Amino acid sequence: MKPRVRFAPSPTGYLHIGGARTALFNWLYARHTGGTLVLRIEDTDAARNSQEAVDVILNGLRWLGLDWDEGPLTPDATGPCKGDRGPYFQSQRKENYQRRVEALLSRGLAYEHEGAIKFKMTREPITIPDLVVGDVVRPLTDREQLDPDWVLVRSDGQPVFHFVNVVDDLEMGITHVIRGEDHLSNTAKHIALFRAFGVEPPKYAHIPLILNGDGSKMSKRDKGASLTNYLDEGFLPEAVDNYLCLLGWSPKDNLEKLSLAEVIERFDLPQILRHNAKFDFEKLLWLQGEYCRELAPDRFYELAVHAFAKKGVDTNKLDVNYVKAALDTCRGKIKTFAELPAYAGFYFTDTIEYDVEAVKKDFVPENKPRLEKLRDAFAHAPAFDAGSLEAALKETAKILGVKAGVLVHPCRLAVTGKTSGPSLYHLLQVLGKERVLARIEKALAGI
RNA sequence: GACCCUAUGGUCUAGCGGUUAGGACACCUCCCUUUCACGGAGGUAGCCCGGGUUCGAUUCCCGGUAGGGUCGCCA
């Protein structure tokens, strides 16, 4: 029988990076085994849930490239879904829970208590056979020994998470539950419930948690905890996917950069690591740089244009060849698209803001005649292309008896306002004679 | 407080009784380039502690310690 796995997030308005990895691991297992991935929305908390919150999850998964075989097609709980085991929103499954409670009640496995309905929990220790951790024996804690029974349905009629989760997994035919290790202890409750329904529980695989760099738990307010954050910062989904795979799983042959297709081939449950991992932003950034560098030109332009648009710079109004030429000088230089507007903004504005420290260093009186000479050399260069400009600059330096760097730095500052950026000669070529001479002139006036 | 999981450089990891403990990120040095990146060549840095078992433990067992998790009419 082919495995049926599920990702069952609660729509809280954001998708936790750990949740994203749980989704990824479920997806990988489904694709590796040829099984089915079910997406189920656990929206029992009507007050807190909203369509927008569901949309965050759907968009996040789609961005990562994780498709599901069964589940919602839109964020609307009553909207279209695919799959024949629906509904896939818990808010639409009330009758199921009702029916299941009555079954337990009628068999004396649950009882009413102060308006709530409680489950008669086993007193004996329960063994959780976990595919990642191994057999885990979970006895009752001292507090549980005082009252081992737990609430299935609140006094207001709302069923609790542990109950609906198990009922849905049972009715949706889930064979493998792959989820965060924070659920490991409570799995005893789930197993007991499955047995109460006379069904063998699914196989469990509890994956380690993702922690902050300092080892603390990644909570909602931690920057970097939300997947949306990476989307907004201009990360590439393939970089995020790749990095997430490396957290708690390893291809084992010293491979670091690998595609999802390669991971699908190698991925399996027993190889999942048992210990938590700290999130290393620097390593993600490195992978991001790797993928960014090999981006197809069209996609690079598209993402770059989008990044500028987000900063209020509409490059669509400009000559497309100019924009492409400008962006080409940035390829391989930036890592995330979010840094692009600051990196190459000088191409699309005539208001150059000079780096204050660099001005003190490079816009000094002795550089004024040098910059004037350079301006003249550029003005009379046989052609305004990178090669000619480089030759002109070096020739000028030679005449002045200075190193090329003496001219390079003030020139870059005058034209871009910055101390670093794309190749100087190439950016001069892209900017064109008119802009370059005007900017040097303007800088000269301020020295 | 009870119970559960975990433990290789700063970080992610390979290792599954005998290895000069391997790789990657980060960091440092040098080369390339008179910007910044990229690339190339080196370098610093690790088996949590204590007992066993064994001819021999990073590896197996026990105990500590540390980190994480759970014990809700939250999910």
Side-chain angles (χ1 to χ4, degrees), chain A residues 8-12 19 42-45 48-49 90 113-118 125 128 130 132-134 136-148 150-165 180-189 206 208-211 213-217 243 245-257 273-287 289-290 292-293 330-335 343 358 390 393-394 397 402-409 411-413 416 418-425 427:
Chain A
S10 182
T12 57
E42 308 222 332
D43 59 341
T44 50
D45 189 344
R48 210 161 66 178
N49 297 321
Q90 289 187 330
H113 179 75
E114 294 181 358
I117 297 169
K118 294 182 81 172
I128 304 159
D130 190 276
V132 172
V133 185
V136 175
V137 181
R138 209 350 267 271
L140 298 178
T141 66
D142 57 354
R143 288 179 66 158
E144 287 169 335
Q145 276 176 23
L146 263 33
D147 179 17
W150 45 277
V151 172
L152 290 170
V153 183
R154 288 184 265 265
S155 50
D156 66 359
Q158 282 292 316
V160 305
F161 161 77
H162 297 299
F163 178 59
V164 295
N165 194 264
E181 199 209 71
D182 49 337
H183 289 291
L184 181 56
S185 290
N186 284 142
T187 302
K189 289 181 182 175
H206 287 92
L209 269 22
I210 297 176
L211 273 27
D214 64 2
S216 64
K217 186 180 177 177
Y243 180 67
C245 286
L246 262 23
L247 246 35
W249 177 83
S250 163
K252 293 192 188 303
D253 46 8
N254 287 342
L255 226 61
E256 304 281 340
K257 180 167 170 282
L273 275 305
R274 284 148 291 256
H275 57 267
N276 296 344
K278 291 173 188 155
F279 196 91
D280 184 2
F281 193 78
E282 292 298 326
K283 186 149 186 179
L284 167 61
L285 207 54
W286 166 72
L287 272 169
E290 294 287 307
C292 195
R293 210 170 307 119
C330 305
R331 291 204 56 149
K333 298 284 205 166
I334 52 151
K335 282 189 173 173
Y343 185 82
E390 179 170 3
L393 185 140
K394 288 189 170 162
V402 296
K403 289 178 178 174
V406 174
L407 297 178
V408 166
H409 298 290
C411 179
R412 176 184 292 283
L413 184 60
T416 71
K418 296 157 70 64
T419 57
S420 68
S423 159
L424 179 64
Y425 309 114
L427 75 84

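Residue numbering restarts at 1 for every chain, and letters A, B, ... go by the order of the sequence lines. In this text, all values refer to a predicted model and were calculated from it rather than measured experimentally. Just so you know, these numbers use all the heavy atoms, side chains as well, and skip hydrogens, waters and symmetry mates.
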When you compare the side chain of A:Y243 with that of A:F279, does any pair of heavy atoms fall below 4.5 Å? yes
Please report, rounded to the nearest Å, how far the C1' atom of B:rC74 is from the CZ atom of A:F163. 17 Å
For nucleotides 27-37 of chain B, read 5' to 3', which letter fits each nucleotide if B means a protein heavy atom sits under 4.0 Å from the base, S means only the sugar-phosphate is that close, and - means neither? -------BBBS
Would you measure the distance from the C1' atom in B:rC12 across to the matching atom in B:rG72 and give it in whole Å? 35 Å
Calculate the interatomic distance between A:W150 atom CH2 and B:rC71 atom P; express it in whole Å. 12 Å
Watson-Crick or G-U wobble partner for B:rU35, using a 3.5 Å limit on both distances? none
C1' atoms of B:rU8 and B:rU58, separation to the nearest Å: 7 Å
If the sugar-phosphate is the primed atoms plus P, OP1 and OP2 and the base is the rest, what is the B/S/- string for nucleotides 5-14 of chain B, using protein heavy atoms under 4.0 Å? SSS---BBSS
Which nucleotide, in any strand shown, forms a Watson-Crick or G-U wobble pair with B:rC48, with both distances under 3.5 Å? B:rG64
Expressed in angstrom and rounded to an integer, what is the separation of A:W286 atom CH2 from B:rG23 atom C1'? 10 Å
How many whole angstroms separate atom CZ of A:R143 from atom C1' of B:rG1? 9 Å
Quick check: on RNA chain B, is the nucleotide nearest A:L284 upstream (toward 5') of the one nearest A:G215, or the reverse? Name the residue that is more 5'. A:L284
Do A:S185 and A:R138 have side-chain heavy atoms sitting under 4.5 Å apart? yes
Take atom C1' in B:rU59 and the same atom in B:rA21, then report the distance between them in whole Å. 11 Å
Under a 3.5 Å cut-off for both distances, is B:rU29 Watson-Crick or wobble paired, and to whom? B:rA41
What integer number of Å spans the C1' atoms of B:rA66 and B:rC25? 25 Å
Counting just side-chain N and O atoms, does A:N186 come under 4.0 Å of either OP1 or OP2 of B:rC71? yes
Using the C1' atom on both, measure B:rC38 against B:rA45 and round to a whole Å. 26 Å
Give me the one residue out of A:E181, A:R274, A:H206 that meets side chain to side chain contact (heavy atoms under 4.5 Å, CB included) with A:D130. A:H206
Rounded distance in Å - NE2 (A:H162) to P (B:rU70): 10 Å
Determine the Euclidean distance between corresponding C1' atoms of B:rU35 and B:rA26; express it in Å to zero decimal places. 23 Å
With both distances under 3.5 Å as the test, what is the Watson-Crick or G-U wobble partner of B:rC74? none
Does the side chain of A:L255 come within less than 4.5 Å of A:S250's, by heavy atoms? no
For B:rA57, give its Watson-Crick or G-U wobble partner with both distances under 3.5 Å, or none. none
P atoms of B:rG22 and B:rC47, separation to the nearest Å: 13 Å
Only one of A:L407, A:T416, A:V408 passes side chain to side chain contact (heavy atoms under 4.5 Å, CB included) with A:L424, and that residue is A:V408
Keeping the roles fixed (side chain from A:R412, backbone from A:S423), state whether a donor-acceptor pair exists under 3.5 Å. no
Which residue in the set A:V153, A:L152, A:D147 passes side chain to side chain contact (heavy atoms under 4.5 Å, CB included) when paired with A:K118? A:D147
What is the separation between atom CZ on A:F161 and atom P on B:rC71, rounded to the nearest whole Å? 10 Å
Using a 4.5 Å cut-off on heavy atoms from C-beta on, say whether the side chain of A:L287 contacts that of A:E256. no
Donor-acceptor under 3.5 Å (A:D43 side chain, A:Q90 main chain): yes
So A:K217, base contact, sugar-phosphate only, or nothing? Heavy-atom distance under 4.0 Å. sugar-phosphate
Counting only Watson-Crick pairs (N1-N3 plus N6-O4 or O6-N4) and G-U wobbles (N1-O2, O6-N3), all under 3.5 Å, who is the partner of B:rA21? none
Considering every strand shown, what is the Watson-Crick or G-U wobble mate of B:rC3 when both distances are under 3.5 Å? B:rG69
Any chance you could measure A:T12, atom OG1, to A:E42, atom CD, to the nearest 0.5 Å? 12.0 Å
Can you figure out which of B:rC71, B:rG68, B:rC25 approaches the side chain of A:L211 most closely? B:rG68
Looking at B:rA2, B:rC73, B:rA75, which one has an atom nearest to any side-chain atom of A:S10? B:rA75
With P as the reference atom in both, quote the distance from B:rC74 to B:rC16 in angstrom, rounded to an integer. 49 Å
Should the pair A:E144-A:K189 be classified as a salt bridge under the 4.0 Å nitrogen-to-oxygen rule? no
How would you label the contact of A:E114 with the nucleic acid (heavy atoms, under 4.0 Å): base, sugar-phosphate, or nothing? base
Rounded interatomic separation in angstrom, taking CG from A:L209 and P from B:rG68: 11 Å
Taking CG from A:D182 and P from B:rG72, how many angstroms apart are they, rounded to a whole number? 16 Å
Check whether any side-chain heavy atom of A:L209 sits under 4.5 Å from a side-chain heavy atom of A:K217, and report yes or no. no
Distance criterion of 3.5 Å, no angle test: do you see the side chain of A:S185 paired donor-to-acceptor with the base of B:rC71? no
